[in-house]
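For reference, the structure discussed in these notes is given below.
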Amino acid sequence: MSLPTASQRYLSTRGGSYDFTFENVVLKGLASDGGLFIPEEIPTLPREWQSQWKDASFQDLAFNIFSLYISPQEIPAEDLRDIIHRSYSTFRAPNVTPLVTLDESKNLHLLELFHGPTFAFKDVALQFVGNLFEYFLVRRNKGMEGEQRQHLTVVGATSGDTGSAAIYGLRGKKDVSVFIMYPKGKVSPIQEAQMTTVADNNVHCVSVEGTFDDCQGILKTLFSDPETNQQYRLAAVNSINWARILAQITYYFHSYLSLCRQTSNDKPNVRFVVPTGNFGDILAGYFAKQMGLPVAKLVVATNENDILHRFWKTGHYEKKPVHGQDAEGGIAEDGAKAHEDGVKETLSPAMDILVSSNFERLLWYLAFSTSDIKEVNHKRMHAGELVKGWLGQLKTEGGFGVSKEILAAAKEDFESERVSDEQTLATIREIHGTTLPKTQQANGTKSAPTSGTQHDGHYILDPHSAIGVAASLRSIETGGDAHHIALSTAHPAKFSHAVELALKDVPDFSFDTVLPEQFVGMTDLPQRASSAKNDWKEVREVIGRELETENR
Ligand SMILES: *Cc1c(COP(=O)(O)O)cnc(C)c1O
């Protein structure tokens, strides 16, 4: 059998580790030097990819793409196909991530990524990651009994939106347990119900008396405590896990090919516009583009937590806006409540971040591609050193700046837009005020995959997706005849507060029109959660106690 290629071996962005396997990278999450794992090389597409893949299903595309990054020695082709099929059989839309045209005259399309079990885009990655964890563990445990078996304990913290995607990814999986902490009384009833009504006995919710920041603090302490780590074999499925990025590459190809079919044009000029927080979603688009998908631009759309937007405007990546370098040329005060550490609470909470954890991966490729060193290993080492220096500065000084060449390289592939809460609401209203093309209107049955977001031929955006659409509308004004594909990352029913705020003056609009049948009555189902004070030792006790009950 052939050896793994460079795109099937992984290194750390900070230069401390090389030659890792896919399995190690997935189970480890973070490299020991604190860096993130990336493939040593980005693979290029087969020459005839477009004609060979043009009618492929989502699952077949996923297989074609994943195979470039995972050696068949690690996961034989049949097993990989099986994992992919099981991961996407939980989606309600037959083609997994449908492309909807919002406005024909503007060539504006919406890529709906929320047809998974928890109605958010994170399902696309986490359904796959859950099955991968199980696959690797079951294989390691083959023929082992009882105590000998390796058991992983996945622990995470959520502010409400993303915990359920991790739970649905791992529910019922062998040799894995999952614990999700959330701040007591600070998540919405539907969010809490989405997590606590899952009955599988390897799923554990912990309601913590404190804030989301307290939950994250506990998480950090648990992971940095060697005893806890060893005793429970802690693992994470957070947004820096490489397998999550990999899984997201598929829908860039899938939507591009869908657009080709829908427009009968095999070379459309396409811009992807991505509502961005931790930079995981759009980073997958960068991989797709580097592999050879003909994308004209990737547009980073941020909310008022705009560190990335400021980077593209100034070349400085700073937690706080640097005086005189404000991206908008003025003071960016939109009234959103700021936390102690500087994160603003906006109407798009899944994008409320201070720094974007996956941005480090892009930095490495920018450092690598702009280096004039010839010898490849030396060049990789140099990129790792640069990244390590920048991230060190971010930690000690709160930010860093990059060279003109690096900023220019970043601008070749990306543009950025910043969208305020006010503009978010205005966009939900504006799109609701437009009538969808006839061909895109749902037929009125609630179970039709793309209905549920429509009200009488009018589309209802969730606040995150609205940020992508707002940024697209700006880009359309200056961008000529390009097709814009805005990524839609959540179903509006998950963020009822913002949607109701936006549409409260629309006559005969009722939120019930977008409430999926899966949400109806959910808050009345039996719920299961442990509680803990804001104390990591108490959470550790809960973990120990709950694991015992699982084994019985
Ligand atoms: C996580 C999330 C995002 C941001 O994605 P990143 O990969 O963190 O940039 C946007 N919208 C929703 C609804 C999300 O859950």
Side-chain angles (χ1 to χ4, degrees), residues 23 26-29 83 86-87 90 117-118 122-123 126-158 162-184 187 191-209 215 218-223 225-238 241 243 522 525-533 535-552:
E23 176 172 348
V26 172
L27 292 178
K28 247 174 106 64
I83 293 172
R86 282 189 288 120
S87 301
T90 54
T118 76
K122 291 192 172 63
D123 288 328
L126 284 167
Q127 288 291 303
F128 174 63
V129 170
N131 285 316
L132 271 182
F133 266 59
E134 182 181 55
Y135 177 79
F136 289 138
L137 282 170
V138 167
R139 185 163 70 183
R140 287 180 175 200
N141 286 335
K142 211 166 172 193
M144 309 256 202
E145 301 271 334
E147 293 284 285
Q148 285 180 307
R149 293 183 78 85
Q150 279 189 25
H151 182 97
L152 276 191
T153 307
V154 171
V155 189
T158 184
T162 57
S164 54
I167 288 174
Y168 275 78
L170 292 165
R171 66 185 294 185
K173 299 283 182 267
K174 289 186 221 54
D175 299 321
V176 193
S177 302
V178 54
F179 286 82
I180 298 293
M181 291 180 270
Y182 62 90
K184 184 175 185 168
V187 303
Q191 287 170 340
E192 187 165 20
Q194 267 195 306
M195 296 188 279
T196 59
T197 57
V198 175
D200 302 74
N201 76 348
N202 72 328
V203 170
H204 312 274
C205 298
V206 189
S207 147
V208 174
E209 283 173 28
C215 295
I218 293 174
L219 190 68
K220 275 202 187 127
T221 315
L222 287 170
F223 273 91
D225 181 54
E227 207 181 304
T228 311
N229 237 313
Q230 208 182 353
Q231 189 175 359
Y232 300 125
R233 287 185 139 267
L234 298 188
V237 290
N238 47 21
N241 197 301
M522 188 185 252
L525 294 174
Q527 304 200 5
R528 205 165 49 93
S530 307
S531 18
K533 295 230 164 54
D535 172 2
W536 75 277
K537 288 197 169 140
E538 208 177 306
V539 174
R540 189 178 59 179
E541 263 174 46
V542 170
I543 294 176
R545 200 168 60 226
E546 290 277 315
L547 285 175
E548 291 274 308
T549 65
E550 220 181 278
N551 294 334
R552 247 182 265 129

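In this structure, Ile167 and Cys205 have side chains that are in contact, with non-hydrogen atoms separated by less than 4.5 Å. In this structure, the side chains of Cys215 and Leu219 stay at 4.5 Å or more apart for every pair of heavy atoms. You'll find the side chain of Met181 reaches within 4.5 Å of the side chain of Val155, heavy atoms only. In this structure, Lys173 and Asn131 have side chains that are in contact, with non-hydrogen atoms separated by less than 4.5 Å.
How far CG of Leu547 is from NE2 of His151: 5.5 Å, rounded to the nearest 0.5 Å. To the nearest 0.5 Å, atoms CG (Asp535) and OG1 (Thr221) are separated by 10.0 Å. A distance of 8.5 Å separates OG1 in Thr153 from OH in Tyr232, rounded to the nearest 0.5 Å. Rounded to the nearest 0.5 Å, atoms CD1 (Ile543) and CZ (Arg545) are 11.0 Å apart. From Gln150, atom CD reaches atom CG of Leu27 across 8.5 Å, with rounding to the nearest 0.5 Å. Taking OG of Ser530 as the reference point, atom CD of Glu541 lies at 11.5 Å (rounded to 0.5 Å).
Val542 and Ala532 make their closest contact through CG2-CB, 4.5 Å (heavy atoms, listed as atom of the first residue, atom of the second, distance). Smallest separation of non-hydrogen atoms from Asn241 and Gly29: ND2-CA, 4.2 Å. Scanning both residues, Ala235 and Phe133, for their nearest heavy atoms gives CB-CE2, 4.1 Å. Here the closest non-hydrogen pair linking Thr90 and Ser87 is OG1-O, 3.1 Å. Contact between Asp175 and Asn141 at its shortest, heavy atoms only, is OD2-ND2, 3.1 Å. Across every non-hydrogen atom of Val26 and Ala243, the tightest pair is CG2-CB, 3.9 Å.
When the side-chain contact (heavy atoms from CB on, under 4.5 Å) test is applied to Glu209, the partners found at least two apart in sequence or on another chain are Lys184, Lys533. By the ring pair (Phe, Tyr, Trp, His ring centres under 6.0 Å) test, Phe179 pairs with His204, sequence neighbours left out. Ala199 meets the side-chain contact (heavy atoms from CB on, under 4.5 Å) test with no other residue; sequence neighbours excluded. Evaluation of the side-chain contact (heavy atoms from CB on, under 4.5 Å) rule for Ala236 yields Phe223, Asn238 as partners, not counting sequence neighbours. Applying the salt bridge (charged side-chain N to carboxylate O under 4.0 Å, His left out) rule to Lys174 yields the partners Glu134; only residues at least two apart in sequence or on another chain are considered.
The closest donor-acceptor contact from the side chain of Ser164 to the backbone of Gln194 lies at 3.5 Å or more, if one exists at all. A distance-only check finds no donor-acceptor pair linking the side chain of Thr162 to the backbone of Thr158 [under 3.5 Å]. A distance-only check finds a donor-acceptor pair linking the side chain of Asn202 to the backbone of Leu170 [under 3.5 Å]. Judged by distance alone, with hydrogens and angles left aside, the side-chain atoms of Gln148 form a donor-acceptor pair with the main-chain N or O of Glu145 at under 3.5 Å. Side chain of Arg528 to main chain of Val203: a donor-acceptor pair is present (N/O by atom type, distance under 3.5 Å, no hydrogens or angles).
Under a cutoff of 6.0 Å and an axis angle of 45°, Arg171 and Tyr168 form a cation-pi pair.
Listed by first then second residue, pairs satisfying salt bridge (charged side-chain N to carboxylate O under 4.0 Å, His left out) with a partner in residues 228-238 number zero, not counting sequence neighbours.
No more than 12 heavy atoms of other residues, nucleotides or ligands lie within 6.0 Å of CD in Glu227, so this atom counts as exposed by the packing criterion.
Look at Arg540 and Asp225 and you find a salt bridge, because one of the NZ, NE, NH1 or NH2 atoms lies within 4.0 Å of a carboxylate O, short of that distance.
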